[in-house]
K.L.:
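Quick one: structure below, then a few questions.
Letters A, B, ... are given to chains in the order of the sequence lines, protein chains preceding strands, and every chain is numbered from 1. Hydrogens, waters and symmetry mates are skipped; everything else that's a heavy atom, side chains included, is used.
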Amino acid sequence: MPEKPYDHTSIELKWCERFADANLFEVTEDPSRPKYYLLEMLPYPSGTLHVGHIRNYTIGDALARYKWMRGFNVIHPMGWDAFGLPAENAAIANKRHPRDWTLSNIAKMKQQHRRYGFSYDWSREVSTCEPEYYRWNQWFFLKMYEKGLAYRKKALVNWCPECATVLANEQVVDGCCWRHESTPVEQRALEQWFLKITAYADELLSAIGELEAGWPERVLAMQRNWIGRSEGAEADFTLVASGHKVRVFTTRIDTIFGATCVILAPEHPLVDELGSPDVKAEAKRMIDSRAAKGPGDIEKEGAFTGLHAQSPFGGPPVPVWIGNFVLTGYGTGAIMAVPAHDERDFEFCRKYGIPVRPVIRPVDGELAREDTIAAFPDDGILENSGEFSGLTSAEARRRMCAQAEAGGFGTHAVTFRIKDWGISRQRYWGTPIPIIHCPKCGSVPVPEQDLPVVLPVNIEITGRGRSPLENVPEFVQTACPRCGAAARRETDTMDTFIDSSWYFYRYCDAHNSQAPFDSAKIAYWFPIDQYIGGVEHAILHLIYSRFFTKMMRDLGLITNSEPATRLFTQGMVIKDGRKMSKSVGNVVSADEMAERYGTDTARLFALFAAPPEKDLDWQFSGVEGAYRFLSRVYRLVTRNADAARDAAPAPPAGDADKAVLRKLHQTIARITEDFDSRWHFNTSIAALMELMNEITEHESALTPGCIASLLPNVVLLLGPFAPYLAEELWEELGRPGPLCKQSWPVFDAALAQDDSVEVAVQVNGKVRARITVPHDTGKEALEAAALADPRVKTHVDGKQVVKLITVPGKLVNIVVKG
RNA sequence: GCCCGGGUGGCGAAACCGGCAGACGCAACGGACUUAAAAUCCGUUUUCUCGCAAGAGGAGUGCGGGUUCAAGUCCCGCCCCGGGCACCA
């Protein structure tokens, strides 16, 4: 049969349509097969897929198809992170309802997904903006409220003027909104709902150890950093004049005899209570200037309060200052300054002429003098510290903590940098917080049977004022569930990161109307075997998800403590050396690729151009190369399809047969290895290209029996990377489909074995010759052959052979002297 | 400042356990086919020196040292790029 030209469009549309209603990848629990839960982070339905999405999903899809072919029961779901601000902005700009806008975007993107043929089980699709989904957000909220894990308090919170809403700490990047990178967030004091993620701070940190085998080190490092556990002590200083206690937190209680002042954060309550008008004014100035400057280096400033305090361990009273570098939200909001042993304290005290009192000497050195020019921040031996003098820092910390606890003036203490998760948003397009404010009963949870609290549809979004829900009387006005009196509904909605904190559980039981899911189904599918997504969620989504999992475990809903055993963070797709963005105008859309080159080509290029964890520059010349390759495969298979169909597969019958079958089995080994360990699909595809080169070279000499055993395997190997083309060629070969449900090719070591190998011969480490010998040549025969080579002889003759190093099948190194 | 990555041809990259550096692809150049072009196919392509040539020799994986028969790979000290954290007491 003559070869056919590769018409990607008709092939891809044919199979796309043929599989449209089949839901080929629908799965159910099946205890007889090993399960594999493969998950890619769900997208925000912005309206169009670009090649960055395509790369992400293609990595997962190749793996899913491979696992299917290896006999796993693969759950591979997809859904939509459908709540969020862009829908409201679009509503303002286009006068469209956020819901319409979102749903039409979802429809469009789902169409694109289908066009690309990703192997999802669409029966499990989840949209987080549907009441069937978000009612369970509300349910989890109520469960947490019962356990004291959800609470309301007035606090200083991050306010993004652009979003007109509050942000969580995790959503503030360099002092600016994560969505508006040049908009500094403001601090506002508001009544807000919080989730007590700090209750799990210790476990979130310690369980990182269990993730080390499967999560990227840098993600874990970022989480450790964010949680920021620090172990130390709290101790009470006593104000000399009034007897007030000032509690300080320190990791270096062993240096307390070197404390030469106490410094309060400008927001510290004692400033308000005892400060003179001047001091209060100074504190306010510090607070304002810190807010104005934002993050970064600020000059240390302080002011003396006029007060003095006494250390609980004795010694002379020290002055009490306020300092702009002392944070109110960390520790106790007050510190003891030990300039001799802390660089920041040193800088501050030097600036204001506060004395430096060294109390720690290096283990093998002298105590620093009081006029030292630098702090000594390391552990050492205590001096001038009363009964503790002579102890090591570590021992002193233990004894001082014990004494503080015994004396009731202090305690061992652990402090975390992570704060509770502020989830209130003054926006419309999110999950309503299921709380009713009653003038008599206070905050009353909506009874479980009244869920969901449905987001009203009739709404006007203006982008001005406070929460849009406040303007919907039929939503706001309600009765108190407890006493029946007229009451107001909470009008804040939840942070959309709640939605994505547990969606992967819902996939396991997506249509359950009685519960968020059936625990037995979770027990079968969980944990996620492989999670794939962008590293930008390292301390947002990924830490919230871990928190939710632990919370759900403690509610008795699930038994796993971590959501995912393995995490893969893929690199970004860039274009012309920069991040793709609408404003730069360098976004490559999925549709454009599908039309110009086909989805198989787009997928192949996405995998071939770089290993998946690295950034990838989307070069159209490289895309052409991928297209050329698929086109070569198509033409090769179609022009040999008759032979492959009519002949029975046979063992190799000549040198050409042997050469291509050898290469085939070497390729099977390489690709299988890539899937099972490193995911370097770029080398898998390179191996396929090498195989193609080898086949074309010998094509005219191949026997029909060889072609019949060769081509089906080539097509199977191609399946995970270019599924539509592979499906088409499988049909061309007369095989019953679908290809994606066939078994992965079986490696045959005997066929893969090279007859002869090229061995490099070095003299003193320099390659002087390459000799070809039978693959099973023994060490001695190999050495003899190496020494006999004329090119080697010219470098060895007349010299003494000191040593021979032989690596069979690879090289011989002849070490000579003289 | 601290913690992660990374630095290999004109470009994307490969070399997985220390064993032939540059597989595979892109681009470029030369050739075949063609009236011509596209497509396709074949060939060259790290670099320098010597040679008409076949070939021979040297250098080479950010820089400087070291270990080793052998280093892109291991060790020590630097430089540069990307990312994260950063007055957290």
Side-chain angles (χ1 to χ4, degrees), chain A residues 3 5 173-174 216-226 228-230 232 248-253 255 263 265 290 295-300 323-327 329-338 341-345 347-348 377 415-418 535-536 538-539 572 604-605 608-611 613-626 628-629 631-632 635 670 673-674 677-678 680 682-693 696 758-770 791 794 802-807 809-816:
Chain A
E3 69 182 34
V173 178
D174 290 337
E217 179 50 41
R218 67 177 171 145
V219 170
L220 299 179
M222 282 160 76
Q223 292 208 356
R224 274 192 206 99
N225 231 319
W226 186 257
R229 183 181 197 273
S230 139
V248 301
F249 173 73
T250 178
T251 54
R252 292 297 303 277
I253 191 76
T255 64
I263 312 175
R290 185 153 63 188
D297 271 342
I298 51 166
E299 165 84 15
K300 284 188 182 55
N324 65 344
F325 69 102
V326 178
L327 303 172
Y330 184 78
T332 58
I335 64 164
M336 61 178 202
V338 185
H341 303 294
D342 182 283
E343 282 164 24
R344 296 154 303 180
D345 296 348
E347 188 189 334
F348 183 85
T415 302
F416 292 94
R417 214 183 76 103
I418 191 171
V535 74
E536 65 273 15
I539 49 167
M572 266 192 319
L604 192 82
F605 176 72
F608 177 64
E613 72 278 6
K614 283 189 66 169
D615 287 351
L616 180 164
D617 203 335
W618 199 268
Q619 300 273 1
F620 281 98
S621 56
V623 175
E624 305 265 2
R628 267 199 289 272
F629 170 70
S631 178
R632 281 180 67 201
R635 282 179 281 120
R670 278 177 68 180
E673 165 71 14
D674 279 337
S677 63
R678 297 193 311 160
H680 277 198
N682 53 330
T683 60
S684 302
I685 293 164
L688 276 175
M689 289 171 167
E690 285 183 48
L691 174 60
M692 272 300 294
N693 292 343
T696 342
E758 195 182 73
V759 172
V761 184
Q762 300 180 329
V763 179
N764 286 350
K766 282 196 201 306
V767 178
R768 296 299 179 185
R770 294 170 219 275
R791 288 162 298 188
T794 58
V802 181
K803 206 199 278 194
L804 283 174
I805 287 140
T806 305
V807 183
K810 293 234 161 168
L811 68 74
V812 178
N813 188 9
I814 303 161
V815 185
V816 298

K.L.:
Just verifying a value: how many Å separate A/His680 NE2 and A/Arg670 CZ, rounded to the nearest 0.5 Å?
P.N.:
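One gets 13.0 Å once the value is rounded to the nearest 0.5 Å.
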K.L.:
Want to settle it: does A/Glu347 or A/Lys766 sit nearer the 5' end of RNA chain B, counting the closest nucleotide to each?
P.N.:
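Counting from the 5' end, the first nearest nucleotide belongs to A/Lys766.
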K.L.:
At under 4.0 Å between heavy atoms, how does the protein contact nucleotides 12-19 of chain B? Give one character per nucleotide, 5' to 3', with B, S or -.
P.N.:
BSSSB--B
K.L.:
If I pick the C1' atom on B/G18 and the same atom on B/G72, what distance separates them, to the nearest angstrom?
P.N.:
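It comes out at 11 Å once rounded to the nearest Å.
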K.L.:
Check this for me: does the side-chain of A/Lys803 come within 3.5 Å of the base of B/C69 through a donor and an acceptor?
P.N.:
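Between B/C69 and A/Lys803, which were checked side chain against base, a qualifying N/O pair under 3.5 Å is absent.
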K.L.:
What interatomic distance, in whole Å, is found between P of B/C17 and the corresponding atom of B/C3?
P.N.:
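Going atom to atom, P in each nucleotide, I get 25 Å.
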K.L.:
Within the distance-only criterion (no hydrogens, no angle test), does the side chain of A/Asn764 pair as donor or acceptor with the backbone N or O of A/Val816 below 3.5 angstrom?
P.N.:
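Yes; judged by distance alone, with no hydrogens or angles, the pair exists.
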K.L.:
Considering residues at least two apart in sequence or located in another chain, which fulfil the ring-ring contact (aromatic ring centres under 6.0 Å, His included) criterion with A/Phe605?
P.N.:
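For A/Phe605, the residues satisfying ring-ring contact (aromatic ring centres under 6.0 Å, His included) (neighbours in sequence not counted) are A/Trp618.
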K.L.:
Starting at atom CG of A/Asn764, determine the distance to atom C1' of B/U68, rounded to an integer number of angstrom.
P.N.:
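In whole Å, B/U68 C1' and A/Asn764 CG are 13 Å from each other.
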K.L.:
Is any NZ, NE, NH1 or NH2 atom of the basic residue among A/Arg224 and A/Glu217 found under 4.0 Å from an Asp or Glu carboxylate oxygen of the other?
P.N.:
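A salt bridge is present here (some side-chain N lies under 4.0 Å from a carboxylate O).
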K.L.:
Does A/Met572 offer a backbone N or O that forms a donor-acceptor pair with the side chain of A/Asp615 under 3.5 Å?
P.N.:
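A pair under 3.5 Å: yes.
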K.L.:
Whole-Å distance between B/C2 P and A/Glu343 CD?
P.N.:
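From A/Glu343 CD to B/C2 P: 11 Å.
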K.L.:
For B/U73 and B/G19, measure between their C1' atoms and round to the nearest Å.
P.N.:
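The answer is 11 Å between these two C1' atoms.
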K.L.:
Distance check: side-chain N/O of A/Ser621 vs OP1/OP2 of B/C11, anything under 4.0 Å?
P.N.:
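For B/C11, neither OP1 nor OP2 has a side-chain N or O of A/Ser621 closer than 4.0 Å.
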K.L.:
What distance, rounded to whole Å, do you find between the two P atoms, one in B/A13 and one in B/U68?
P.N.:
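These two P atoms come out 35 Å apart once rounded.
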K.L.:
Taking for each residue the nucleotide of RNA chain B bearing the nearest heavy atom, is the 5' side occupied by A/Asn693 or by A/Arg791?
P.N.:
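Result of the comparison: A/Asn693.
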K.L.:
Is the NZ or CZ atom of A/Lys300 positioned over A/Phe348's six-membered ring, under 6.0 angstrom from the centre and within 45° of the axis?
P.N.:
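Checked: cation-pi criterion not met.
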K.L.:
To the nearest Å, give me how far apart CZ (A/Arg218) and P (B/C4) are.
P.N.:
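Those two atoms, CZ and P, are 13 Å apart.
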K.L.:
Mark yes when over 12 heavy atoms from residues, nucleotides or ligands other than A/Arg229 sit less than 6.0 Å from its CZ; otherwise mark no.
P.N.:
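Counting other residues, nucleotides and ligands, CZ of A/Arg229 exceeds 12 neighbours.
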K.L.:
List for me each residue that meets side-chain hydrogen bond (donor to acceptor under 3.5 Å, both in side chains) alongside A/Gln223, sequence neighbours excluded, and say none if there are none.
P.N.:
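Checked A/Gln223 against side-chain hydrogen bond (donor to acceptor under 3.5 Å, both in side chains); matches are A/Arg546.
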K.L.:
Got a donor-acceptor contact below 3.5 angstrom from the A/Asn324 side chain to the A/Glu299 backbone?
P.N.:
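It does hold such a pair.
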K.L.:
Between B/C50 and B/G66, how far apart are the C1' atoms? Round to whole Å, please.
P.N.:
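Roughly 35 Å separates the two C1' atoms.
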K.L.:
Tell me the interatomic distance from A/Glu690, atom CD, to B/A23, atom C1', rounded to whole angstroms.
P.N.:
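In whole Å, B/A23 C1' lies 6 Å from A/Glu690 CD.
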K.L.:
Does A/Gly765 offer a backbone N or O that forms a donor-acceptor pair with the side chain of A/Asn813 under 3.5 Å?
P.N.:
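Yes, because the side chain of A/Asn813 sits within donor-acceptor range (under 3.5 Å) of the backbone of A/Gly765.
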K.L.:
A/Phe416: which residues meet the ring-ring contact (aromatic ring centres under 6.0 Å, His included) condition with it, sequence neighbours left out?
P.N.:
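Partners of A/Phe416 under the ring-ring contact (aromatic ring centres under 6.0 Å, His included) test: none.
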K.L.:
What's the gap between B/A70 and B/A14 when it is taken at their P atoms, as a whole Å value?
P.N.:
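To the nearest whole Å, 28 Å.
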K.L.:
Determine the contact category for A/Val761: base if any of its heavy atoms lies under 4.0 Å from a base atom, sugar-phosphate if only primed atoms, P, OP1 or OP2 are that close, otherwise nothing.
P.N.:
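Nothing, no heavy atom under 4.0 Å.
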K.L.:
Treating A/Arg632 as the side-chain partner and A/Met689 as the backbone partner, does any N or O pair qualify as donor plus acceptor under 3.5 Å?
P.N.:
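Side chain of A/Arg632 to backbone of A/Met689: no pair is present.
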K.L.:
Between the protein and nucleotides 39-50 of chain B, list every N/O to N/O distance that falls short of 3.5 Å.
P.N.:
none

K.L.:
Please give, in whole Å, the distance from B/A70 P to A/Arg768 CZ?
P.N.:
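Distance, rounded to whole Å: 14 Å.
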K.L.:
P atom, B/A71 versus B/G65: distance in rounded Å?
P.N.:
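Result for the P pair: 15 Å, nearest Å.
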K.L.:
How does RNA chain B read in dot-bracket, base by base from 5' to 3', with Watson-Crick or G-U pairs under 3.5 Å and | used when the partner is on another strand?
P.N.:
(((((((..(((......[....))).(((((.......))))).(((((....)))))..(((((..]....))))))))))))....
K.L.:
Roughly how far apart, to the nearest Å, are B/U8 and B/G77 at atom C1'?
P.N.:
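So the two C1' atoms sit 22 Å from each other.
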K.L.:
Inspect the surroundings of CD in A/Glu536 and state if more than 12 heavy atoms from other residues, nucleotides or ligands are less than 6.0 Å away.
P.N.:
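Atom CD in A/Glu536 is crowded, with more than 12 foreign heavy atoms closer than 6.0 Å.
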